[in-house]
Amino acid sequence: AFILQTAVWSGKPWAEVAPWVSDGDRYVDAEDADTGPCPYGNLVGGMLASLALFAPEDPRLPRWLESARKSMRSSGSLDIDSGTCEWLLYLESFRGAIESARALAGWATPIYEGSDKPPALLRWKLQLCHYHAASNDPDQGILTAEEGLQLAEQCGLHRHDAAFTALRTY
């Protein structure tokens, strides 16, 4: 999972990412998510990110999207699924699946806000900003970006400040 996410964030070419996607594809099947949270946690998120950003027409992407949706419906914990949840909200928002994104945001926001994990809440607020932009709710997007900046100030984690600032002005 972390290799895939590192490859996504570092901008590696698809030729370098594709073998890791093929390797990850061996571990989780959409049907497995019916029984509970994905045992491989953020692997689903890494697969979503890799396929959606590098190979959006890949025939495996719909299966991974469904696996993520099923995992989110059966989970109540961010310990396993935070990366999956964040990528799913991001992708659903920008793929135009606003109703699905809205349901996910409504389900997950109280869990993130009730956690004692400021880094996870900061990442979630960042994805909420993208969701609000995609769902044409700029006022809520600005408010969420301001909340993100306030939380960053409170906890001293400023990794996403530039993104929050940009999304606040967007």
Side-chain angles (χ1 to χ4, degrees), residues 1-30 32-33 37-69 71-72 75 77-97 100-101 104-105 108 111-112 115 117-134 141 144-145 147-149 151-153 155-170:
F2 296 111
I3 291 170
L4 290 170
Q5 292 180 16
T6 299
V8 166
W9 292 118
S10 65
K12 296 283 185 192
W14 174 245
E16 292 180 34
V17 176
W20 292 104
V21 169
S22 293
D23 191 47
D25 206 38
R26 296 182 306 134
Y27 291 100
V28 180
D29 193 79
D32 293 339
C38 167
Y40 300 100
N42 290 324
L43 175 61
V44 178
M47 292 294 287
L48 285 179
S50 299
L51 289 169
L53 298 175
F54 287 102
E57 301 303 319
D58 190 295
R60 295 173 289 189
L61 181 58
R63 184 171 61 89
W64 283 96
L65 282 165
E66 186 55 28
S67 180
R69 289 182 194 115
S71 181
M72 292 298 95
S75 173
S77 169
L78 296 180
D79 293 336
I80 294 175
D81 292 317
S82 65
T84 300
C85 194
E86 292 152 20
W87 276 110
L88 184 58
L89 181 64
Y90 178 82
L91 295 172
E92 297 282 55
S93 297
F94 285 102
R95 291 170 62 87
S100 179
L104 179 60
I111 296 172
Y112 275 91
S115 79
K117 299 174 181 160
L121 182 54
L122 282 167
R123 291 190 318 268
W124 183 247
K125 287 194 176 290
L126 186 60
Q127 299 313 326
L128 284 173
C129 287
H130 292 297
Y131 157 70
H132 293 307
T144 303
E147 290 171 355
L149 289 167
L151 177 60
E153 190 62 37
C155 67
L157 299 172
H158 297 283
R159 178 178 182 197
H160 302 297
D161 284 5
F164 282 125
T165 301
L167 288 162
R168 183 177 64 187
T169 60
Y170 175 70

Kindly compute the distance separating [atom1] ([X]) from [atom2] ([Y]), expressed to the nearest 0.5 Å.
| X | Y | atom1 | atom2 | value |
| --- | --- | --- | --- | --- |
| L61 | L48 | CG | CG | 7.0 Å |
| T84 | L104 | OG1 | CG | 10.5 Å |
| T165 | L149 | OG1 | CG | 4.5 Å |
| T144 | H132 | OG1 | NE2 | 3.5 Å |
| L65 | L91 | CG | CG | 6.5 Å |

(message) Filter on side-chain hydrogen bond (donor to acceptor under 3.5 Å, both in side chains), then keep only pairs touching residues 155-164, sequence neighbours left out; what's left?
(response) H158-D161
(request) Kindly say whether Y112 contributes a backbone atom to a donor-acceptor pair with the side chain of S115 at under 3.5 angstrom? (result) yes
(message) Restricting to side-chain hydrogen bond (donor to acceptor under 3.5 Å, both in side chains), what partner residues turn up for Q127, sequence neighbours left out?
(response) none
(message) So, using side-chain hydrogen bond (donor to acceptor under 3.5 Å, both in side chains) as the criterion, who are the partners of R95 when residues are at least two apart?
(response) none
Could you tell me which non-hydrogen atom of [X] sits nearest to which non-hydrogen atom of [Y], and how far apart they are?
| X | Y | answer |
| --- | --- | --- |
| A145 | R168 | CB-CB, 3.7 Å |
| L122 | G148 | CD2-O, 3.4 Å |
| D58 | P62 | O-CD, 3.8 Å |
| L151 | P118 | CD2-O, 4.2 Å |
| W14 | S50 | CZ3-O, 4.0 Å |
| E86 | A120 | OE2-O, 4.0 Å |

Are the side chains of [X] and [Y] in touch, meaning some heavy atoms are under 4.5 Å apart?
| X | Y | result |
| --- | --- | --- |
| S22 | R60 | yes |
| L121 | C155 | no |
| D25 | W64 | yes |
| L89 | W124 | yes |
| F54 | L4 | no |
| K125 | F164 | yes |

(request) Answer yes or no: does atom CD of E16 have more than 12 heavy-atom neighbours from other residues, nucleotides or ligands under 6.0 Å? (result) yes
